[in-house]
Amino acid sequence: MSMGLQTRLAAGIALVASLIVLAVGWTWTAREEAELMDGLREREARMAGLIERGFAGPIWNLDHVALENLLDAVMADPEVHAIEIRGLGLRGGLARREREHPASGPLRREFGITYQPAAGAPGTAVAAAVLVFTRDLVDEQIRRTRVFVFELLAGVVAAVAVAGYLLVDWLVRRPVARLGALAQRVAKGDLGAQEKVERADEIGQLTMRFNAMSLKLRSAADQVQLSSEGLRASEARYRSLFENATEGIFQADADGRVLSMNRAFTQMLGLGALSPVGRRLRELTGIDREEMQRVSAIMNEQGKIQQAQLQLQAPGGRPLWVELNAHWVEAEGGRRRIEGMVSDISLRRQAEAELTRHRDHLEELVNERTAELSEAKLRAEAANQAKGRFLATMSHEFRTPLNAILGFTQLMQMDAAVPAGQQAKLQLMRESGLHLLELINDVLDMASIEAGKVSLKPSAVDLRALLDMASDSVRLRAEQKNLAFGLDVDAGLPHLVMVDGQRLRQVLLNLLANAVKFTDSGSVLLSARVLAQEPGRVQLRFEVADSGIGMTPAQQARLFQAFEQVSDASRHLGGTGLGLSISQQLVRLMGGQILVLSTAGQGSSFVFELRLATA
């Protein structure tokens, strides 16, 4: 007969409590036994000391009466089992006392008795003693302790068993019994039945889950009922949609025989009141045999066909274009059927044909327009070449007389006989001619860049000398405006680099000239820094900074546009607005780009980086 859960839990609790009490009692008994034995050994040691001190005098003085009294006094101690003294001063050389019953776990100690007549005097051995102690009293005390432990164990086990039985009955058996009754009610069909949750413990949580499960079962049952009703309504709606759909819908078996077909499809095919069920689709639709085989191959390979445009035979023999979407469906018993939908796209096909005609016409128009644009492009390229030739010719025509004017002006300035007033006019004439020559050079450079005729000619260039030359070209003008001009060159700058020195000097001179031109007070600084260096290559950073008038963001946005001058009107004179545009194009040809950092009224900084080969 198996025990119930309540009995097993109570027995388990009692067993655990018994083991705990037994372990505690065993430890307590062992500890008390050790303490009692330690006390017994101490008393034995004290008794041996008393015998050694008290017996020495009577033995030395041969006082046998006192010796007998001392022996009786020692035996008065219940823990002394026997005492034996051997010496020459004793009758027969031996004095002995011993109890009649045997000793339990005797402790035997042997020691000598020495007589010392005075303190500090040497002692004389007069006898040898043997003292035997018994542990009967210790054993009795340990026995009483063990009896107490076993009584305590029995009481605790009984109390724990009763308390455990009652607690398990109250906390476990009764709630579980109520849950069992709830489960039986639900099993008998009382869905939604609930049980009161008395405590928030594990049983309470289990009760809440049972209640929730009961409610879910009730909800599921209601849902099943609603689903059954909804299924019937859904079937009715499906049948209505199937029959009243504007698209053709059909079902066929694996051999292509019609299982069902809606009204729209039968009207497309002109069947009237004839039933299509059992007839083959190919016979009803009039599809070409090869087209039908192609559709079947796609269906067997992919399991479906989508947006397939087919030509059917409509009533009267006219063609009917439809779009087919169909797929395989697994039916009961492992059999398959085809479900599909067809849409009449005859009007769309007509619209597509019309659109194709319009597209062909539009392509003809585009080709004609493309030819016209190509011809216009050729004319524009010819005009651009004519402009380049014109600019080159005119710049040459300007330079020839201008060089003569500049040459003769310089010769006249060298003539000491020319008065000072005439010298000033000659100087003005020379400066104007040089300015005109600079404008012509800028226009020619811009035209060459736009025509793609500018090519760099890298050569080994002494970079420090080039920087000094560019600085010396504008230093005098800076000093004339009382500006502080500085040149900051990195100590690690390579001596020779491969670069078009003329073009790099042109860029630096343009940036320095602009910095001096637009700075009224403060300083102008040209710096060159090494950013990275590797065998045969170096990356350099050039910067021209000034403390001039600066620029607004709007001015910076159009700064590098050709013929654009963003300064105030008083500074427009003496420039074409091509310098920065030409410089930007030249730096890009070198593989860099000029960047500007500027704030209105706080100066500007023009920076570009170049990656050059070292020579």
Compute whether any side-chain donor of one residue and acceptor of the other, for [X] and [Y], lie under 3.5 angstrom apart.
X	Y	answer
S583	Q506	no
E247	S343	yes
Q539	Q533	no

Looking at every heavy atom in both [X] and [Y], which two are closest together, and how far apart are they?
X	Y	answer
L487	L525	N-CD1, 4.0 Å
V530	D490	N-OD2, 3.1 Å
L512	A470	CD1-O, 3.8 Å
A528	L467	CB-CD1, 3.8 Å
T552	A600	CG2-CB, 4.0 Å
T614	R537	OG1-N, 4.1 Å

Roughly how far apart are [X] [atom1] and [Y] [atom2], rounded to 0.5 Å?
X	Y	atom1	atom2	answer
I594	Q584	CD1	CD	5.0 Å
I549	T519	CD1	OG1	8.0 Å
R369	N367	CZ	CG	13.0 Å
M551	F518	CE	CZ	9.0 Å
F542	L463	CZ	CG	5.0 Å
R359	T356	CZ	OG1	4.0 Å

Test your reading of the model: is there a side-chain donor-acceptor pair from [X] to the backbone of [Y], 3.5 Å cut-off?
X	Y	value
T599	Q602	no
D500	K457	yes
E375	E372	no
S604	D546	no

Do [X] and [Y] have side-chain heavy atoms sitting under 4.5 Å apart?
X	Y	answer
M590	L456	yes
P458	V499	no
Q251	I338	no
V474	F485	yes
Q502	L504	no
L508	F608	yes
L540	L493	yes
I249	M261	no

Between V516 and K481, is the side-chain contact (heavy atoms from CB on, under 4.5 Å) condition met? List the steps. CA-CA 8 Å; V516 173; K481 296 183 68 173; 4.1 Å; yes
Audit row: W328, M299, side-chain contact (heavy atoms from CB on, under 4.5 Å) steps and yes/no: CA-CA 8 Å; W328 286 107; M299 287 284 293; 3.7 Å; yes
Report the residues that fulfil side chain to side chain donor-acceptor pair (under 3.5 Å) with S547, sequence neighbours left out, ordered by chain and then residue number.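 With sequence neighbours excluded, S547 shows a side chain to side chain donor-acceptor pair (under 3.5 Å) to no residue whatsoever.
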For [Y], is there an ion pair with [X] - N to carboxylate O distance below 4.0 angstrom?
X	Y	value
R529	D488	yes
R294	E291	yes
E479	R477	no
R611	E534	yes

I305 vs N325, test: side-chain contact (heavy atoms from CB on, under 4.5 Å). Steps then yes/no. CA-CA 6 Å; I305 188 170; N325 292 278; over 6 Å; no
Residues two or more places apart in sequence or in another chain: which of them pass salt bridge (charged side-chain N to carboxylate O under 4.0 Å, His left out) with R279?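 Residues passing salt bridge (charged side-chain N to carboxylate O under 4.0 Å, His left out) with R279: none at all.
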With a sphere of 6.0 Å drawn around CD of E363, does it hold more than 12 non-hydrogen atoms of other residues, nucleotides or ligands?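 More than 12 within 6.0 Å, yes.
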One pair to check against side-chain contact (heavy atoms from CB on, under 4.5 Å): L597 and L595. What are the steps and the verdict? CA-CA 7 Å; L597 303 173; L595 303 177; 5.9 Å; no
